Amino acid sequence: MSATLGELAKYADVTLKGNADCIIHTVNTLKKAKSGEISFLSNRRYASLLSTTEASAVILSEQDSDNCPVSCLVSDNPYLTYAKVTNYLYPRQALSSGISDSAIIGKDCTIANDVYIESGVVIGDGVTIGSDCYIAAGSVIKDGVSLGEQVQVNANVTLCDDVTIGNNVILHPGVVIGADGFGLAQDETGWLKIPQLGSVIIHDDVEIGANTTIDRGAIEDTVIQSGVKIDNQVQVGHNVIIGKNTVIAGCTALAGSCVIGERCIIGGACAISGHIEIADNVTITGMSAVSNSIKSAGLYSSGIPVTENRIWLRNITRFKHLDETFKKILNKLD
Amino acid sequence: MSATLGELAKYADVTLKGNADCIIHTVNTLKKAKSGEISFLSNRRYASLLSTTEASAVILSEQDSDNCPVSCLVSDNPYLTYAKVTNYLYPRQALSSGISDSAIIGKDCTIANDVYIESGVVIGDGVTIGSDCYIAAGSVIKDGVSLGEQVQVNANVTLCDDVTIGNNVILHPGVVIGADGFGLAQDETGWLKIPQLGSVIIHDDVEIGANTTIDRGAIEDTVIQSGVKIDNQVQVGHNVIIGKNTVIAGCTALAGSCVIGERCIIGGACAISGHIEIADNVTITGMSAVSNSIKSAGLYSSGIPVTENRIWLRNITRFKHLDETFKKILNKLD
Amino acid sequence: MSATLGELAKYADVTLKGNADCIIHTVNTLKKAKSGEISFLSNRRYASLLSTTEASAVILSEQDSDNCPVSCLVSDNPYLTYAKVTNYLYPRQALSSGISDSAIIGKDCTIANDVYIESGVVIGDGVTIGSDCYIAAGSVIKDGVSLGEQVQVNANVTLCDDVTIGNNVILHPGVVIGADGFGLAQDETGWLKIPQLGSVIIHDDVEIGANTTIDRGAIEDTVIQSGVKIDNQVQVGHNVIIGKNTVIAGCTALAGSCVIGERCIIGGACAISGHIEIADNVTITGMSAVSNSIKSAGLYSSGIPVTENRIWLRNITRFKHLDETFKKILNKLD
C-alpha cells in the first residue's frame with residue numbers, strides 16, 4: 001500500500017522535515033530509489049550517496065539531516081524506522097483460508113476455522129492448529145503437534161511428534177523440529193541409541209530459518225524462548241535452552257544441553273559446546289568457538305581472518321610450536 | 001512400559017542395591033525425578049544433586065553408591081546402563097503396516113508385506129523395500145533404491161537413484177542421500193560437470209541426522225560402514241568412506257574421497273579435507289580443521305576458543321605477523 | 001553408450017597413442033578398471049598404479065605417457081579430458097515428458113509442452129516453466145516463479161515466490177531458494193522483522209547442491225551469475241552477489257550483502273562476512289574466515305590444522321596471551 005510521508009512519520013513516531021503530503025509507494029536503496037520511494041541511511045559506508053539520491057524522502061539521523069537534499073524522517077535509529085516504515089507499507093497479507101482437498105489430515109485433530117492448509121500437506125493424529133495458521137505445501141506435521149495462532153509453516157517443513165509451537169512463529173522452508181537428539185552410549189560392540197523422550201517447545205514470536213534443525217530433548221525438552229530469531233542452517237542440539245530475544249546467525253551449531261542467555265547476539269558459523277552456559281547480553285562474533293561458559297555480558301570473539309596463503313603457511317607452522325618457541329625465548333630472556 | 005528395579009538390573013546386567021520390587025515407570029533427571037522414576041549420575045557436575053533426588057532409584061558408579069539415599073543400580077558405566085534401561089522402558093513400537101492410498105509406487109518394486117508407507121510418499125521404479133520398514137510422509141525414493149529390513153525413513157527424506165541402504169538404518173527428516181558429488185573440471189570458459197556414476201552404500205545399524213547430505217560417488221561408491229552414527233547437517237562428499245562404528249557430530253564437513261577409520265569420534269563443526277586418511281580410533285574435538293592424514297590413534301584438536309573481543313583483536317594482529325615477529329626475536333637472541 | 005578410443009580422442013580433441021578401434025564402455029579408476037574401460041591419471045598420488053592398470057586405455061599427460069602400458073589419450077589437462085570423455089559416454093538422458101496426475105498446478109501458469117513433472121509436486125499461480133524442465137517429486141514451486149529451459153529441480157526443493165531461474169540450472173534435493181533474508185531491527189522490546197521485498201535471480205548454467213539455501217533480498221535481489229557452481233549445505237544470505245563461474249564448496253556461509261567476484265574458488269566450511277567484497281580470481285582455502293574485503297586476486301587462507309590435543313592445549317593457552325607475551329618479550333629486547 002502507499003502512504004503519505006506524514007502518515008509514516010506518525011506511525012514510526014519520528015520527526016518529519018519537508019513535505020508531509022508526499023506520497024510514498026515503496027522503500028528502496030539510496031542509489032536506486034526514484035520519485036515516490038523512501039530510502040534510508042543507517043550504515044555510514046553509504047553516506048556519500050545521500051547528496052545524489054533521487055528518493056522522495058530519506059530516513060536518517062539528526063546529524064545527517066542537514067545534508068539531505070529531499071524530505072526526511074529524522075530518527076535516533078534510522079534502521080528501526082526503516083523497518084517500521086517497511087512494515088507499514090507492506091502489512092502482513094490476509095491469507096485465503098481453507099484446507100486443500102489433497103491435504104491429508106489425521107484423526108482427532110483440532111483445527112481452527114480460518115487456517116490455510118495447502119496441497120500435499122500431511123498432518124498426523126491429535127494435532128492442534130490455532131487460528132490464522134498457514135501450512136505450506138510439502139510440510140509434514142506428525143502426531144500430537146500443537147501450533148498456536150498465526151503460525152506460518154512454510155514449504156517442506158517437518159514437525160516431529162508432540163512438538164509445541166507458540167503464537168506468531170515463522171518456520172522457513174526445510175526446517176526440521178523435533179528429530180531425535182544425538183544420544184548414544186558406547187557399549188562393547190558399538191553405540192547404543194538412547195530413546196529421546198523429551199520434545200521441543202517453541203515460544204511466541206520466534207522465527208526459524210530455512211533448513212535449520214532443532215532436536216528433541218533426551219529427557220526434558222529443548223526450549224526456544226519467546227522472541228528468539230534463528231537464521232538458516234543453524235543446528236540446535238537436544239536440551240538446548242535459548243533465552244528470550246536472542247538472535248543466532250546462519251550455520252551456527254549449538255551442541256546439546258548448552259544454555260544461551262537472553263538478548264544474546266551470536267554470529268554466523270559459530271560452534272557452541274555442549275553443557276555450557278552463556279550469560280545474558282553476550283555478543284559473539286562470527287566463526288567463533290565457545291568451549292567454556294561465558295559468565296558475563298560483553299563482546300567475545302575467536303577465529304583468525306585470512307591472510308595471503310604464503311604468510312598463513314608460515315604462521316601456522318609457528319603456531320604448531322607456539323608454546324615450545326615461547327618457552328625457549330622466555331628461558332633465554334630470564 | 002513399566003518394570004521392577006529387579007527386572008531392570010537383570011536386563012542391564014548390573015548390581016542392585018535396595019528394593020528389587022520397586023516399580024519404575026520412566027527415567028528422569030536427578031533434579032526432576034519423582035517417585036516411580038529412575039535417574040542416573042554419569043556426569044560429575046551433577047553429583048551434588050544426588051543427596052536430594054526424589055527418584056525411586058538411581059543408576060551410578062560403585063564410588064557414588066554409598067552416598068545414594070535411595071535404591072540404586074551400580075554400574076561400571078552408568079551412562080550405558082541408563083541407555084539400556086531407557087531402551088527397556090521404551091521398546092521400539094510396532095508400527096501399523098500398510099501403504100497409504102495417496103502414496104505413489106512405481107513399477108517393478110519389491111515391497112515386503114509388513115512395511116508402513118505414509119501419505120504423500122513417492123517411490124520410483126524398481127525399488128526394493130525390506131520387511132518392517134517405515135517410510136514417512138513427504139519422502140521421495142527414486143528408481144532402483146534398495147532398503148534392507150527395519151529401515152526408518154523419516155519425513156521429507158530424499159534417496160536418489162540406486163542408493164543401497166542396509167538393515168536397521170534410521171534416516172532423520174530432510175536427509176538427502178545420493179545427490180551428485182561436486183565434480184567439476186575447469187575448461188576454457190568455466191566448469192564442466194562430471195557425471196557422477198557411483199552411488200551410496202549405507203551398511204547396517206547406521207543412523208543419519210536431520211538435513212545431513214551424503215553425495216554419490218564419481219566413479220566408485222560413497223560408503224558408510226555398519227554402526228556409523230552421523231548427527232544433523234553433516235556433509236559427506238563423494239567417495240568418502242567412513243569406517244565401522246565411527247560417530248560424527250553435527251555440522252561437520254567431510255570433503256570428497258577422504259577415508260575415515262573405524263571407531264573414530266569426530267566432534268561437531270569440523271572440516272576434514274579431501275583425499276586424506278584418518279586412522280582408526282582417532283578422536284577429533286569440535287571445530288577442528290584436518291588438512292592432512294592422521295596416521296595414529298589419539299586425541300587431536302585445533303580451533304581457538306573465544307576471548308573478550310578487545311584481547312582477540314590484539315592477538316589476531318600478532319598472529320598475522322607471527323612468523324615475522326618470531327624471526328625477529330630469535331635473530332636478536334642468537 | 002560405448003565409443004571407440006578414436007571417437008573419444010576426436011571428441012575431446014586430444015592425441016591418441018595406441019589402438020583407435022578399441023571399444024570403451026565406461027570409465028573407472030586405475031585400480032579397478034578392466035578391459036573395455038578407460039581410466040585417467042591426473043593426481044600424482046595415484047601415479048604408481050599406472051604400470052599395473054588393467055584399463056584398455058588411460059587419459060594422462062605427455063610426461064606420463066611413456067610409462068603407460070596400454071593405449072592412451074594424451075592431454076594437457078587429463079582431468080578435463082576425463083570429464084569430457086565421461087560426458088560423451090554418459091550423455092544427458094532424454095527424460096519422459098508429461099505431468100503426473102497427482103501434481104498440483106496453480107492458475108495462470110505457462111508450462112512448456114515437453115516438461116516432466118513428477119507426482120506430489122505442488123506449483124503455485126502464475127508460474128512459468130520452460131522447455132525440457134524436470135521437476136522431481138516433493139518439490140514446491142510458489143507463485144510467480146519462473147524457470148528457463150532445461151532446468152532440473154530435484155526432489156523436495158522449495159522455490160519461494162517470484163524466484164527467477166535461468167536456463168540449464170540444476171537444483172539438487174532439499175535446496176531452498178528465496179526464503180526470507182535474516183532482516184531484523186532491534187527495538188525496545190526485541191526484534192522487528194523487516195519484510196524482505198527483493199527476490200533471487202539465478203542465471204544460466206548454475207548448479208546448486210543439496211540442502212543449500214539462498215535467501216531473497218531485503219530490497220534488491222540476491223543474484224547468482226552464470227556458471228556458478230555451489231556445493232551442498234552452503235548458506236547464501238540476502239543480497240549476496242556471486243560473480244560468473246565462481247565455485248563454492250560445501251558448508252560455506254556467505255553473510256548478507258557480500259559481493260563475490262568472478263572465477264573465485266572458495267573452499268568448504270568457510271565464512272564470509274557481510275557487506276564485504278571479494279575480487280575476481282580469488283581462491284580461498286577451506287575453513288577460512290574472511291572478515292574484510294579482498295581486493296586483489298590470489299590465494300588466501302586462515303584456520304589452524306589439528307595437532308595432538310596436548311600440544312594444542314598449550315598453544316591455545318599461549319594464543320590467549322599472544323599480544324601480552326610478545327609485548328613483554330619485545331620490551332625486554334629493546
Side-chain angles (χ1 to χ4, degrees), chain A residues 102 104 120 122 138-140 142 156 158 160 174 176 179-180 182-187 189-195 197 211 213 215 219-220 233 235 237 251 253 255 271 273 275 284-285 288-292 294 298-305 307 311 314-315 317-319 325 329 332-333, chain B residues 26-29 32 43 45 77 79-80 82-84 86-87 90 100 102 118-120 136-138 154-156 170 172-174 205 207 209-211 227 229 231-233 244-245 247 249-251 268-269 286-287 303-310 312-313 316 319-320 322-323 326 329-330 333:
Chain A
S102 78
I104 308 283
V122 179
S139 286
V140 176
K142 307 294 292 179
N156 283 322
T158 302
C160 300
V176 178
D180 281 351
F182 200 54
L184 302 162
Q186 195 160 20
D187 64 14
T189 59
W191 297 92
L192 180 62
K193 179 178 173 65
I194 301 172
L197 309 174
N211 283 353
T213 52
D215 280 350
I219 295 179
E220 300 185 77
Q233 297 197 43
Q235 151 67 359
C251 300
S273 293
H275 294 275
I284 300 171
T285 57
S288 294
V290 184
S291 48
N292 288 295
I294 296 180
L299 179 59
Y300 297 83
S301 303
S302 71
I304 293 178
T307 51
I311 294 172
R314 288 185 206 140
N315 289 339
T317 304
R318 290 292 184 183
F319 185 83
T325 312
I329 292 170
K332 284 204 184 180
L333 287 176
Chain B
T26 189
V27 295
N28 209 337
T29 60
K32 295 257 177 102
N43 186 331
R45 79 177 73 194
N77 184 344
Y79 194 65
L80 176 59
Y82 149 65
K84 287 180 177 172
T86 307
N87 276 284
Y90 294 87
S100 163
S102 78
E118 290 187 346
S119 303
N154 287 291
N156 284 321
I170 301 174
H172 287 292
D205 305 316
E207 182 168 357
N211 284 352
K229 312 292 181 183
D231 197 1
N232 296 357
Q233 297 197 43
K244 287 181 191 174
N245 292 322
V247 298
C251 299
M287 222 181 184
I304 292 178
V306 291
T307 51
E308 286 169 62
N309 178 269
R310 63 184 177 80
W312 171 75
L313 284 172
I316 59 165
F319 185 83
K320 268 193 186 166
L322 193 61
D323 179 60
F326 270 132
I329 292 170
L330 292 168
L333 287 177

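Hydrogens, waters and symmetry mates are skipped; everything else that's a heavy atom, side chains included, is used. If you're wondering where the values come from, they're calculated on a predicted model, not measured in any experiment. Order of the sequence lines sets the chain letters (A, B, ...), proteins ahead of strands, with each chain counted from 1.
- Ranked by non-hydrogen atom pairs under 4.5 Å with chain B, the options T189(A), I311(A), N156(A), L184(A) are led by L184(A).
- In this structure, E220(A) CD and T29(B) OG1 are separated by 4.0 Å, a value rounded to the nearest 0.5 Å.
- Comparing L330(B), L80(B), I316(B) by how many heavy-atom pairs each has under 4.5 Å with chain A, the most go to L80(B).
- Both the backbone and the side chain of I329(A) come within contact range of chain B, with heavy atoms under 4.5 Å apart.
- Contact annotation: the side chain of Y79(B) approaches that of I194(A) to within less than 4.5 Å [non-hydrogen atoms, C-beta and beyond].
- Most heavy-atom pairs under 4.5 Å with chain A, from the set K244(B), E118(B), K229(B): that is K229(B).
- Looking at L299(A), the atoms closer than 4.5 Å to chain B (heavy atoms on both sides) sit in the backbone and in the side chain alike.
- Considering only heavy-atom pairs separated by less than 4.5 Å from chain A, the leading option among M287(B), R310(B), K320(B) is M287(B).
- A salt bridge is defined here as a Lys NZ or Arg NE, NH1 or NH2 lying under 4.0 Å from an Asp or Glu carboxylate O, and K193(A) with D180(A) meets this definition.
- Judged purely by atom type and a 3.5 angstrom limit, S288(A) uses its side chain to pair as donor or acceptor with the backbone of S302(A).
- In this structure, the separation between OG1 on T158(A) and CG on N211(B) is 8.0 Å, given to the nearest 0.5 Å.
- For a residue to count as touching a neighbouring chain, one of its non-hydrogen atoms must lie under 4.5 Å from one of that chain's; by this rule T307(B) touches chain A with backbone and side chain alike.
- Atom-to-atom distance recorded for C251(B):SG and N232(B):CG is 7.5 Å, nearest 0.5 angstrom.
- Side chain of D323(B) to main chain of N315(A): no donor-acceptor pair is present (N/O by atom type, distance under 3.5 Å, no hydrogens or angles).
- Among L333(B), N245(B), L313(B), D231(B), the residue with the largest count of heavy-atom pairs under 4.5 Å with chain A is D231(B).
- Within 6.0 Å of atom NZ in K32(B), 12 or fewer heavy atoms from other residues, nucleotides or ligands are found, so the atom counts as exposed in its surroundings.
- Interface remark: T285(A) contributes side-chain atoms only to the contact with chain B (heavy atom separation under 4.5 Å).
- With a 4.5 angstrom heavy-atom cutoff, A137(B) touches chain A via backbone and side-chain atoms both.
- When each of Q235(A), Q233(A), R318(A) is checked for heavy-atom pairs under 4.5 Å with chain B, R318(A) comes out on top.
- We find the OH-OG1 distance between Y90(B) and T26(B) to be 2.5 Å, quoted to the nearest 0.5 Å.
- Contact annotation for C160(A): only side-chain heavy atoms (C-beta onward) come within less than 4.5 Å of a heavy atom of chain B.
- Contact count against chain A (heavy-atom pairs under 4.5 Å) is highest for V247(B) among V247(B), N154(B), N77(B), V27(B).
- Looking at D205(B), neither its backbone nor its side chain comes within 4.5 Å of chain A, counting heavy atoms on both sides.
- Annotation: ring pair (Phe, Tyr, Trp, His ring centres under 6.0 Å) contacts of F319(A) (sequence neighbours excluded): none.
- Proximity to chain B (any heavy atom under 4.5 Å) is shown, for A271(A), by both the backbone and the side chain.
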